Amino acid sequence: MAPNPIPRSTQDTAITLTGSGYLNGLTVRVNNTAIPTQFVNATTVQATIPGALLSTALSTAQPLQVIVFNADGSQSAPFALPF
């Protein structure tokens, strides 16, 4: 995942996830909230973490939990994304 760690900011922040087996129609959830997601290909996904979600996370000083939910019902293991 890039960037890693994520910058301390309350502005919308783009992230890129790389892996394998991504399917068109997937969703990305950060701290159990679906975020805007763009399928690029089976190994790359781009998403934007909204500033409001970052602001809430910064106030707790906890890493973000990121999970990819594939269109076929499978999901990735949770990933902790630190600030």
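All values derive from a computational prediction rather than experimental measurement.
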Nearest heavy-atom approach of Leu17 to Ala47 is CD1-CB, 4.5 Å
Quiz item: Do Leu81 and Leu53 belong together in a cluster built from hydrophobic side chains that touch within less than 4.5 Å?
Solution: yes
message: In this structure, would Met1 and Leu64 fall into the same cluster of hydrophobic residues linked by side-chain contacts under 4.5 Å?
response: yes
Ser59 side chain to Thr56 main-chain N or O, any donor-acceptor pair under 3.5 Å? yes
Does Ile15 share a hydrophobic cluster with Phe39, counting links as ILVMFWY side-chain heavy atoms below 4.5 Å and allowing steps through other members? yes
Side chain proximity check, Tyr22 to Val68, heavy atoms < 4.5 angstrom:
yes
Heavy-atom closest pair (Phe83 atom, Pro7 atom, distance to 0.1 Å) is CD2-O, 4.0 Å
* **Heavy-atom side-chain proximity of Asn4 to Pro82 below 4.5 angstrom** => yes
Query raised in the report: Quick one: are Val45 and Val28 in side-chain contact, heavy atoms under 4.5 Å?
Result: yes
Smallest heavy-atom separation, Gly51 atom then Asp12 atom, equals N-OD1, 2.7 Å
Heavy-atom closest pair (Val30 atom, Ile35 atom, distance to 0.1 Å) is CG2-CD1, 3.6 Å
- Message: Please evaluate residues Thr33 and Asn31 with respect to the criterion side chain to side chain donor-acceptor pair (under 3.5 Å), reporting the C-alpha separation (whole Å), side-chain torsions for both, the decisive distance (0.1 Å), and the verdict.
- Response: CA-CA 6 Å; Thr33 299; Asn31 292 359; over 6 Å; no
Taken to the nearest 0.5 Å, the spacing of Ser76 OG from Asn70 CG works out to 8.5 Å
Tightest non-hydrogen contact, residues Pro78 and Gln65, listed as CB-NE2, 3.3 Å
On a heavy-atom basis, the closest approach of Leu54 and Gln11 is CD1-O, 3.2 Å
Are Leu58 and Ile49 in one and the same hydrophobic cluster, where Ile, Leu, Val, Met, Phe, Trp and Tyr link if side-chain heavy atoms are under 4.5 Å apart? yes
Quick one: do Phe79 and Leu26 end up in the same hydrophobic cluster if we chain Ile, Leu, Val, Met, Phe, Trp and Tyr together by side-chain heavy atoms under 4.5 Å apart?
yes
When rounded to the nearest 0.5 Å, the distance separating CD of Gln46 from OG1 of Thr16 is 4.5 Å
